[in-house]
Protein chains: 2
Amino acid sequence: MRADAQRNYDRIVEAASEAVARDGAEASLEEIARRAGVGSATLHRHFPNRWALMGAVFHGRTEELCERAGELESVPDPHEALVTWLRELAAYSATARGLAAVLLAEPLQQSESCGAMLVTAGEKLRLRAVEAGTVRPDVSIADLLTLVNAIALAAEKTGPAEAERLVSLAMDGISARPLRR
Amino acid sequence: MRADAQRNYDRIVEAASEAVARDGAEASLEEIARRAGVGSATLHRHFPNRWALMGAVFHGRTEELCERAGELESVPDPHEALVTWLRELAAYSATARGLAAVLLAEPLQQSESCGAMLVTAGEKLRLRAVEAGTVRPDVSIADLLTLVNAIALAAEKTGPAEAERLVSLAMDGISARPLRR
DNA sequence: ACAATAAGTGGGGTGGCACCCCGCTTCTGC
DNA sequence: GCAGAAGCGGGGTGCCACCCCACTTATTGT
C-alpha cells in the first residue's frame, strides 16, 4: 500500500469514528469523506460498503475487548469471568452506537472480522465455565454473543446500565428459583 | 374521514404489508405509494413518518397476538402460558421482518401503539406467573418484551426457530443448574 | 536525478430516496 | 346541483450511495 493511500485510509477511519460517535452507524458516508478531506470515491474504494468501514472503526475497540477476555481468564471463578465479560461487551456495544448492529450484520464466520475475534476470545471463557459445570454445555458462544448483541442493540436508546441489567437477567433466567451454584 | 381517503389509506396499508413482507421495514415508501396507485404525497399525508405506517401495517397482527394472550390465560400452568406467548411473539416478529424494529423504535408508553397493546396483554400473563411464584417479581413486562424483541431482531436472518430457541434460553438462563419449579 | 509506470485520487455524474408545495379534482352537506 | 372544503398527486428540492475516468503522485529501476 502506498504511503498516501495509507494516510487517507487512516484519516477516513478517524473521521468515521467521530461521525459514528455522534450519529451512530447510519452516519453519512459523504460527510465522513468530506471531514476526512478526501473525495467520496476514495472512501468507497477503500471500503466497498458501509459495514467494511464500520468494521475498521470498531476493530480497535474489539481488540481491547479480546484483551479483556484474556485478563478475565485469570479470574478464579469461571462463571463470574464469563458473565463479567458479556456484561462489559453489552455495555460497550450499547454505548458505541452501531457496534451491535455491525456485529449482527456481518457474517460471524468470516475471519478477520470483529465477530470472529470475539468468538475466539469468548470461547475460552465459555469453555472454562462449562468445564466448571456452571454453564449448560449446549449453549454455544455464538448463542451468547447473539443474545448479548441483541440486548445491546435494543438498549441503545436506554443506555448501558439497562443493557447490563438485561444481560444479567438473561444469564440467570427469569424464573424465581434459588440460585444453586 | 372521506370515503376516498379511507380507500387510499387501506390501499397504502395493503401495499405496505406486501412490501414489508418482501423487503422488511426499510422498504421504499415511494414504491409502496406507486404500488398502491397513489402519489407519494398522499402516503406522507396519511403517515407522517415511516413508523406510523409500520404501526398500521402491524396493527392487525398485534391484535391477534393480544387475543392469543387472552386464550393463554386459561392454560392451567401460568409459567408455561407466559413462555409460550413470548416464544410465539418472538417467532412472529422474526418472520414479519421489521416488527421487532418498530416495537423497539416507537415509544412504548404511547397508547394506541402496538407496543402498548402488547404490554397490557402480556402484563396479565406475567402477573399470573409471578403470583404462582415461577417468575421473579422484579422482572417487568417491559423487560420481557424488550428481551424478546431484541432476540427477534437479532434472529431475523437466522429464522423463527432460532429466535424461539434463544427466547427459551433467556427464560431459563444459561446456568447448568437443575430446574426447580 | 529522472523517466516510466503503476497506483491512487476526486470532481462530477447517475439514479433513487424522503419529504414538501400548490394548483387541481372530487366528495359531501345542504 | 352547488359551494366550499377535504383530499389529491405531479413535480420540485436537497441529500444520499455509489461509479466513471481524466488527471496527479509515489515508487522503482537505471
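Predicted model only: the values in this text are computed from it and were never measured. Below, all heavy atoms of this structure are taken into account, side chains as well, without hydrogens, waters or symmetry copies. Each chain gets a letter, A, B and so on, in the order its sequence line appears, and its residues count up from 1.
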**Student:** Rounded at 0.5 Å granularity, tell me how far CD in E164(B) sits from CZ in R87(B).
**Tutor:** 4.5 Å
**Student:** Does R45(A) reach a base, just sugar-phosphate, or nothing at all? Heavy atoms under 4.0 Å.
**Tutor:** base
**Student:** Using atom CG of L53(A) as one end and atom P of dC18(D) as the other, report the distance to the nearest whole Å.
**Tutor:** 11 Å
**Student:** Once hydrogens and angles are ignored, does a donor-acceptor distance under 3.5 Å link the base of dT28(C) to the side chain of R2(B)?
**Tutor:** no
**Student:** Reckon R34(B) has a side-chain N or O less than 4.0 Å from the OP1 or OP2 of dC17(C)?
**Tutor:** yes
**Student:** By nearest atom, which of the nucleotides dC18(D), dC16(D), dC21(C) is closest to the A41(B) side chain?
**Tutor:** dC21(C)
**Student:** Would one find a side-chain N or O of S28(A) under 4.0 angstrom from OP1 or OP2 of dA17(D)?
**Tutor:** yes
**Student:** Return the value, rounded to whole Å, for the distance between atom CD of Q6(B) and atom C1' of dC27(C).
**Tutor:** 14 Å
**Student:** Please check if atom CD in E14(A) has more than 12 non-hydrogen atoms from other residues, nucleotides or ligands closer than 6.0 Å.
**Tutor:** no
**Student:** Given atom NE2 of H44(B) and atom C1' of dT13(D), what is their separation to the nearest angstrom?
**Tutor:** 13 Å
**Student:** If you pin S40(A) and H46(A) to their nearest nucleotides in DNA chain C, which one's is more 5'?
**Tutor:** H46(A)
**Student:** Roughly, in whole Å, what's the span from CD in E30(A) to C1' in dG15(C)?
**Tutor:** 14 Å
**Student:** Send over the distance from R7(B) CZ to dA6(D) P, rounded to a whole Å.
**Tutor:** 19 Å
**Student:** Compare the minimum distances between each of dG7(D), dT9(C), dG9(D) and the side chain of A5(A), then state the nucleotide with the smallest one.
**Tutor:** dT9(C)
**Student:** It should be established whether N8(A) places a side-chain nitrogen or oxygen under 4.0 Å from OP1 or OP2 of nucleotide dT9(C).
**Tutor:** yes
**Student:** Between E131(A) and R128(A) (salt bridge meaning N to carboxylate O under 4.0 Å), is one present in this structure?
**Tutor:** no
**Student:** Would you mind reading off the distance between F47(B) atom CZ and dG7(D) atom C1', rounded to a whole angstrom?
**Tutor:** 15 Å
**Student:** What integer distance in Å separates D4(B):CG from dT28(C):C1'?
**Tutor:** 10 Å
**Student:** Please state whether the rings of Y9(A) and F47(A) are parallel, tilted or perpendicular, taking 30° and 60° as the class boundaries.
**Tutor:** tilted
**Student:** Between atom CZ in R11(A) and atom P in dT9(C), what is the gap in whole Å?
**Tutor:** 11 Å
**Student:** Mapping A3(A) and R50(A) to their closest nucleotides on DNA chain D, which lands nearer the 5' end?
**Tutor:** R50(A)
**Student:** Does V139(A) offer a backbone N or O that forms a donor-acceptor pair with the side chain of D143(A) under 3.5 Å?
**Tutor:** no
